[in-house]
Amino acid sequence: MNYKKLITDRFSGIPHRPTDTTGAVIALLTGLAVGAVLGVLFAPESGKNTRERISDKALDLTDNLKDGYQSVKDRISAGKDDIVGLKDRVVDNVKNKANAVSQEFKEFKDAETEKVKSGVKQAADNANDTIQDI
């Protein structure tokens with residue numbers, strides 16, 4: 001029996017990202033499955049009981065794998081939510097700082113514009129006074 005193909009076929013519907021430990025996990029699960037099957041096969045029980053135990057063990061293994069997959073999926077989802085929250089906080093922080101800088105620049109521009117207007121008015125008044133004196 002080709003266990004690698006059996007395991008690959010069994011997990012083909014589960015999306016995954018290959019990592020450095022994928023081969024080790026598959027080897028571990030294969031070893032566990034083969035050990036369980038061999039242990040049950042060599043047990044001194046009738047064929048019917050043995051087949052039932054193999055079936056039960058296979059179902060238990062499938063359930064455990066599904067639970068493990070769901071656990072990993074939940075942890076990834078929680079991590080994604082944390083990252084989204086962090087992104088939102090960073091975006092809000094950047095927007096607040098940009099608004100503060102924009103407001104400071106507007107106040108600075110208004111103050112400098114007032115200074116220039118005052119200087120121009122003073123120069124115009126001085127020029128007008130000089131013209132009046134002539």
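Count residues from 1 along the sequence. Treat the numbers as computed from the prediction; the structure is a model and nothing was measured.
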(request) Check whether Val116 and Phe108 end up in the same hydrophobic cluster, where Ile, Leu, Val, Met, Phe, Trp and Tyr are linked by side-chain heavy atoms less than 4.5 Å apart. (result)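 Hydrophobic grouping puts Val116 apart from Phe108.
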(message) Does either side chain, that of Asp74 or that of Gln70, offer a donor lying less than 3.5 Å from an acceptor on the other one?
(response) yes
So, does [X] use its side chain to make a donor-acceptor pair with the main chain of [Y] at under 3.5 Å?
X: Thr30; Y: Ile26; result: yes
X: Asn93; Y: Arg89; result: no
X: Ser77; Y: Lys73; result: no
X: Ser102; Y: Ala98; result: no
X: Thr130; Y: Asn126; result: yes

(request) Please name the residue in the list Leu86, Asp82, Asp88 that meets the side-chain contact (heavy atoms from CB on, under 4.5 Å) test with Val84. (result) Asp88
(request) Any chance you could lay out the side-chain contact (heavy atoms from CB on, under 4.5 Å) test for Leu32 and Leu61, step after step, and finish with the verdict? (result) CA-CA 9 Å; Leu32 288 171; Leu61 179 62; 5.5 Å; no
(message) Walk me through whether Lys117 and Lys121 qualify under side-chain contact (heavy atoms from CB on, under 4.5 Å).
(response) CA-CA 6 Å; Lys117 285 180 181 178; Lys121 185 175 187 304; over 6 Å; no
First locate atom [atom1] of [X], then atom [atom2] of [Y], and finally report the distance between them rounded to the nearest 0.5 Å.
X: Asn99; Y: Lys106; atom1: CG; atom2: NZ; answer: 13.0 Å
X: Asn64; Y: Leu59; atom1: CG; atom2: CG; answer: 11.0 Å
X: Lys87; Y: Lys80; atom1: NZ; atom2: NZ; answer: 11.0 Å

